[in-house]
Protein chains: 2
Amino acid sequence: MAEKARDANADRVGLTDPGGAARATRPRIADVAHAAGVSKTAVSFAFNSPQRLNPETAERILEVADELGYRPHPVARMLTQRRTGTIGILTPQALSVVFSNPFFGLFNEGVAAAAESSGHALLFVSPLHGSLARAVGRATVDGFVAVGLPEGHPEIEQVRRAGLPTILVDSTAFPAHGFVLVDDETGARLAAEHIAGLGHRDILVVGVEPPAPMTSYSPDGVMGRRLGAYRDALATAGIDLVDERVLVGPASIEGGMACFRRAWEDGLHPTAILAMSDAMAIGVMHAAGEFGLSIPRDLSVVGFDDIDMARYTSPPLTTIRQPVRRKGEEAVRLLLAQLEQHPAAPEQVLLPTRLIVRGTTAPAPSLREEVGVAAS
Amino acid sequence: MAEKARDANADRVGLTDPGGAARATRPRIADVAHAAGVSKTAVSFAFNSPQRLNPETAERILEVADELGYRPHPVARMLTQRRTGTIGILTPQALSVVFSNPFFGLFNEGVAAAAESSGHALLFVSPLHGSLARAVGRATVDGFVAVGLPEGHPEIEQVRRAGLPTILVDSTAFPAHGFVLVDDETGARLAAEHIAGLGHRDILVVGVEPPAPMTSYSPDGVMGRRLGAYRDALATAGIDLVDERVLVGPASIEGGMACFRRAWEDGLHPTAILAMSDAMAIGVMHAAGEFGLSIPRDLSVVGFDDIDMARYTSPPLTTIRQPVRRKGEEAVRLLLAQLEQHPAAPEQVLLPTRLIVRGTTAPAPSLREEVGVAAS
DNA sequence: CCGGTTTAGCAAACCGGTTTAGTTACTGTA
DNA sequence: TACAGTAACTAAACCGGTTTGCTAAACCGG
C-alpha cells in the first residue's frame with residue numbers, strides 16, 4: 001500500500017512556475033515522491049545521501065524535484081537534524097542602535113568572517129517588545145554570541161536558563177560560560193595616564209550609555225571597568241574624577257557631539273576628554289570645533305576602540321586600540337568549538353589593548369605656556 | 001489512555017538546573033504535560049491561548065513548565081505556524097565585506113528599525129560555500145530583502161524560483177517583485193555636471209567592484225547606472241570618459257586609497273575624482289594627501305551616499321545624498337505589506353538623490369589661474 | 001544449488017510543537 | 001425532566017521533513 005492520501009497532493013501543485021509570484025502551495029516531499037513513483041525516503045536520500053540510491057533513480061528524482069520546483073523545507077529539516085546552522089548575535093540594545101555604532105561594524109566583520117567560513121548564517125537578536133528573554137525564546141540558533149550583556153541586566157537569568165551554548169563578549173555575566181574579554185582596565189589606565197602625563201587636570205569622561213532597561217553602569221560591565229580604571233589612574237595623579245564630569249550618550253558621532261555641547265554649555269571647560277568610544281570622540285572633536293576650540297591646542301581627546309576612521313580624522317585620533325575584529329572571530333571560534341564537542345570546558349580569551357598616540361593629544365594649555373609655547 | 005510512552009520522558013529531565021551547562025536533554029511539551037497531569041494540548045494552550053483554560057490550570061501548567069525549564073521549541077513552532085518571524089537580508093557579497101561598508105551600516109539601521117517595530121528578527125544571508133542559491137535554500141525566513149543583486153548574477157534565477165516574497169533594493173532583477181530604488185542616474189549626473197561645471201577635464205571614476213562571481217558591471221546594476229550617467233553628463237560637456245579612467249575596488253576607505261594609488265602611480269593625474277561611495281572618496285582623499293595633494297586645491301572629490309562621516313571629514317565631503325536609512329525602512333515596509341495580504345500588487349518605490357556641495361570640490365587648477373587665484 | 005552478503009527501496013516512527021474536532025460535565029432555561 | 005449551551009479539557013491529525021529497521025531481489029564464492 002502506498003502513502004496515505006494526504007501525503008500526495010500533485011493536483012495542488014502546478015508543474016510550471018507561474019511566472020514569479022509565490023505559488024499558492026509549495027510542493028512537499030510527498031509530491032515529489034508521488035510524481036517520481038518512489039517513497040519519501042527515496043526523495044530524501046536523493047537529496048542527502050544519493051549514494052544510497054541507484055544513480056539513475058537519484059538522477060530521476062532530482063529532475064522531477066526540479067521540475068516541480070521542490071526545495072526541502074528548511075524548518076522541517078532543522079527540526080529533524082536538530083541543528084539550525086545559524087549563530088545568534090545577542091545584544092541588549094535595539095538593532096538600529098547597534099548598526100549605527102561603528103564598533104559593531106568592525107565586530108560584525110569578525111563574526112561574519114568566522115561564521116561564513118564554517119557555513120553558518122547570522123541571526124541578530126535584540127529585545128522583542130522590550131524583552132530580551134522573549135527574543136531569545138523565539139530565536140532558532142545553535143548558540144549565541146552575546147555582546148555587552150551587562151551583569152545587572154534584569155533578564156539575564158532567563159537568558160541563561162534558555163540553556164543554549166553562549167559565548168559572552170565584553171561581559172562576565174555567566175561565569176560558567178566561555179567568554180572573550182579585552183583588557184579594558186589597562187587600556188583605560190593608559191589613556192588616563194597619557195592625559196595626566198601631559199599635565200591635564202581638568203578632565204571630562206564621555207561614556208557610552210548603558211542599554212535601555214538600565215540606568216547606570218554596573219562596575220563589572222565594560223564601561224564600568226573603563227570608568228573605574230580612568231578614576232584610579234587619575235587618582236594616582238592626584239585628580240579626583242567627580243560624577244558630574246562623567247557624561248553619557250549614544251555611541252555615535254552625534255552622541256559625542258551632544259555630550260560635549262551639554263558639558264560646555266553647563267560651564268564645564270575641560271582641557272582633555274577621555275571618550276569611551278571613537279565615534280563619540282569624533283563627535284567631541286567636531287562639537288569642540290563649533291565652539292572655536294582647536295584640537296589638540298585647546299583640547300586633547302583620547303578615543304577608545306581604534307575604528308578604521310580613527311586614523312583618518314584630522315588631526316588623526318589618539319586612541320586605545322582593541323582588536324575588535326578579532327574579538328568577533330574569537331567569539332565565534334569558541335562557540336563553534338563548544339557546539340562540536342559538547343562537554344567542552346568553556347574557553348576564555350583575554351585580548352590586549354594598547355595606546356595609539358596620534359594627533360589629538362598635546363600638553364595642557366597652562367603647561368604649554370610654562371614651557372614657553374605661546375598660546376595664540 | 002494517556003499519551004504514548006515516548007511522549008513523556010520525565011526521568012530524562014532533571015528538575016533543577018545543573019548549574020549553567022546546557023542540559024543533556026531539553027524538556028519537551030510532553031514532559032510538562034506529564035508532570036502537570038494534563039494533555040499536550042493543555043500545555044500548548046497555557047502558552048498560546050490561556051483564556052481557553054481554567055485560569056488556575058493555566059497557572060499551574062506555567063509553573064510546572066518553569067520548574068522544568070521548559071520553553072516551546074522555536075523550530076517546531078515555526079513548522080506548525082508556517083511563519084518564522086524572521087526577515088532575511090540577502091546579499092551577493094560575503095558578510096564580512098558587507099559589514100565593513102559604512103553604507104550597509106546605515107542601510108541596516110533602517111532595516112532594523114522597521115523590522116524591530118514589527119517584532120521581526122534579522123537573518124543575514126550571504127553565499128554559502130560560494131552559492132547564493134544554497135544559502136537561500138537553508139534560510140528560515142518569511143521573506144527577503146535582497147540588496148544589490150545584480151541582474152547578470154548567475155544564480156539569480158534559482159533565487160527567484162525559491163518563491164519567497166522578496167523585495168529588491170538597488171536592483172530590478174526580478175521585474176515582478178516589489179523594489180526600492182534610488183534615482184542613481186540623476187545623482188551621478190549631478191555629480192558629473194558639478195565637476196564639469198567647475199572646469200575639470202581630467203576626471204577619474206572610482207567605483208565599487210561587482211560581487212564575487214561577476215567581473216564587470218551590468219549596465220542595469222546600481223554601479224552600471226551610475227557609470228552610465230557619469231559618462232553621459234561628461235559627454236555632454238565634451239569629455240570622453242575612457243575605460244582606463246574607471247577604477248574599481250572594495251567599498252571601503254582602504255579600497256579608495258588603493259584605487260587612487262594605483263591610478264597615480266600609473267601616471268593618471270586627474271584634477272577631479274568621482275567616487276561611487278563615500279568610504280572610497282575618503283580613501284581617495286587620504287591617498288591624495290600622501291602624494292602631497294591638497295583638497296580641493298589640487299584635486300576635487302565627489303562621493304556618493306552621504307554617510308554620517310561625510311560631513312566630518314576635512315574638508316567636509318561634497319557628495320550625492322541618497323536616503324540610505326529610508327531605503328532600508330521602505331524595503332522592510334514593502335515586504336511586510338506583501339507578507340500580510342498575500343495577493344498584493346508588489347509596490348515599487350523610487351527615492352530621490354541630490355547633490356550636497358561641501359568642501360572637497362573647487363574650480364579646476366588651470367581654471368583658477370585664469371581667474372586670478374594664484375597657485376602656491 | 002546453497003547460504004551469505006550487498007543493493008535498492010519502503011513503511012513507519014520520529015523531531016516537537018499546534019490545531020481540529022470532539023467528549024464530558026456542568027449550568028441555565030422552559 | 002429534557003434540552004441547549006458552555007466551560008474545560010483531550011485524542012488524534014498535522015506541519016514537512018529525516019532516520020531506523022526491514023524486506024526482497026540480485027549477486028557471489030564454493
Side-chain angles (χ1 to χ4, degrees), chain A residues 1-9 12-13 25-34 36-61 65 68-85 137-138 140 163, chain B residues 1-9 12-13 25-34 36-61 65 68-85 137-138 140 163:
Chain A
M1 161 96 192
E3 302 269 332
K4 279 170 286 182
R6 65 154 280 263
D7 271 355
N9 64 345
R12 297 186 313 174
V13 184
T25 297
R26 160 182 189 141
R28 302 167 312 184
I29 196 170
D31 301 318
V32 178
H34 187 251
V38 296
S39 69
K40 291 197 303 175
T41 311
V43 178
S44 181
F45 283 163
F47 277 90
N48 303 308
S49 28
Q51 73 284 1
R52 294 190 55 170
L53 251 34
N54 181 321
E56 284 163 33
T57 314
E59 173 80 5
R60 183 166 48 85
I61 293 178
L68 259 45
Y70 169 78
R71 298 175 312 125
H73 195 300
V75 175
R77 195 179 254 215
M78 276 183 182
L79 187 59
T80 57
Q81 297 187 157
R82 284 112 156 289
R83 66 183 295 278
T84 64
R138 292 225 187 306
T140 55
Chain B
M1 164 89 192
E3 302 269 333
K4 278 171 288 184
R6 63 153 282 262
D7 271 355
N9 66 345
R12 297 187 312 174
V13 184
T25 297
R26 164 182 186 141
R28 301 166 312 184
I29 196 170
D31 301 318
V32 178
H34 187 251
V38 295
S39 68
K40 292 197 301 176
T41 311
V43 179
S44 181
F45 284 163
F47 277 88
N48 303 307
S49 29
Q51 73 284 359
R52 296 189 57 169
L53 292 179
N54 182 323
E56 285 162 30
T57 313
E59 173 80 5
R60 183 166 47 86
I61 293 177
L68 259 44
Y70 169 78
R71 299 175 311 126
H73 195 300
V75 175
R77 196 183 263 225
M78 275 183 184
L79 187 59
T80 56
Q81 295 185 158
R82 284 113 156 290
R83 66 182 295 277
T84 64
R138 291 225 186 308
T140 55

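In this entry the distance linking CZ of Phe45(B) with P of dG17(C) reads 15 Å, nearest Å. Atom NZ of Lys40(B) and atom C1' of dG22(C) are 17 Å apart (whole Å). When rounded to the nearest whole Å, the span between CD1 of Ile29(B) and P of dC9(D) equals 15 Å. Rounding to whole angstrom units, CZ of residue Arg26(B) and P of dG16(C) are separated by 9 Å. One atom, CD1 of Ile61(A), and another, P of dA8(C), lie 12 Å apart when rounded to the nearest Å. Between the NE2 atom of His34(A) and the P atom of dG9(C) there is a distance of 18 Å, rounded to whole Å. Rounded to whole Å, the distance from NE2 on His73(A) to P on dG17(C) is 17 Å. Taking atom CZ of residue Arg77(A) and atom C1' of nucleotide dT19(D), one finds them 13 Å apart after rounding to whole Å.
Counting only distance, with no hydrogens or angles, the side chain of Ser39(B) and the backbone of Ala42(B) share a donor-acceptor pair below 3.5 Å.
The minimum heavy-atom distance linking Ala58(A) with Ala46(A) is given by the pair O-CB, 4.2 Å.
From one end of the helix from dC1(C)-dG30(D) to dA30(C)-dT1(D) to the other, with five pairs defining each end axis, the axis direction shifts by 40° (rounded to 10°).
Applying the 3.5 Å distance criterion, the base of dT19(C) shares a donor-acceptor pair with the side chain of Thr41(B).
In the set dG16(C), dT10(D), dT18(D), the nucleotide with an atom closest to the side chain of Gln81(A) is dT18(D). Listed candidates were dT20(C), dG17(C), dG17(D). Nearest to the side chain of Pro72(B) is dG17(C). For Leu79(A), whose side chain is taken as the heavy atoms from C-beta onward, the closest listed nucleotide among dT18(D), dG17(C), dG16(D) is dG16(D). Comparing dA11(D), dT18(D), dC10(C) by their closest approach to the side chain of Ser39(A) singles out dC10(C).
A search for ring pair (Phe, Tyr, Trp, His ring centres under 6.0 Å) contacts involving Phe45(A) returns nothing, not counting sequence neighbours. With sequence neighbours left out, Thr57(A) forms a side chain to side chain contact (heavy atoms under 4.5 Å, CB included) with Val38(A), Asn54(A), Arg60(A), Ile61(A). Every side chain to side chain donor-acceptor pair (under 3.5 Å) that Thr84(B) has, sequence neighbours left out, goes to Asp142(B).
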Short heteroatom pairs, N/O only, protein and nucleotides 23-25 of chain C, under 3.5 Å:
none

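Arg82(B) has a side-chain polar atom (N or O) that falls below the 4.0 Å cut-off from OP1 or OP2 of dG16(D). Taking only side-chain nitrogens and oxygens, Tyr70(B) comes nearer than 4.0 Å to OP1 or OP2 of dG17(C). Between Thr80(A) and dT18(D) there is no side-chain polar atom (N or O) within less than 4.0 angstrom of OP1 or OP2. An OP1 or OP2 oxygen of dG16(C) is reached within less than 4.0 angstrom by a side-chain nitrogen or oxygen of Arg28(B).
Within the model, atoms OG1 of Thr41(A) and CZ of Arg52(A) stand 9.0 Å from one another, a figure rounded to the nearest 0.5 Å.
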Donor-acceptor contacts, no H, no angles, side chain residues 68-81 of chain B, under 3.5 Å, sequence neighbours left out:
unit_1, atom_1, unit_2, atom_2, d
His73(B), ND1, Val75(B), N, 3.1
Arg77(B), NH2, Asn48(B), OD1, 3.3
Thr80(B), OG1, Arg77(B), O, 3.1

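Within residues 47-59 of chain A, the residues that place at least one heavy atom under 4.0 Å from DNA chain D are, in residue-number order, Asn48(A).
The 5' end of DNA chain D is approached more closely, in terms of each residue's nearest nucleotide, by Arg60(B) than by the other of Ala76(A) and Arg60(B).
Heavy-atom contacts from other residues, nucleotides or ligands closer than 6.0 Å to CD of Glu56(B) number 12 or fewer.
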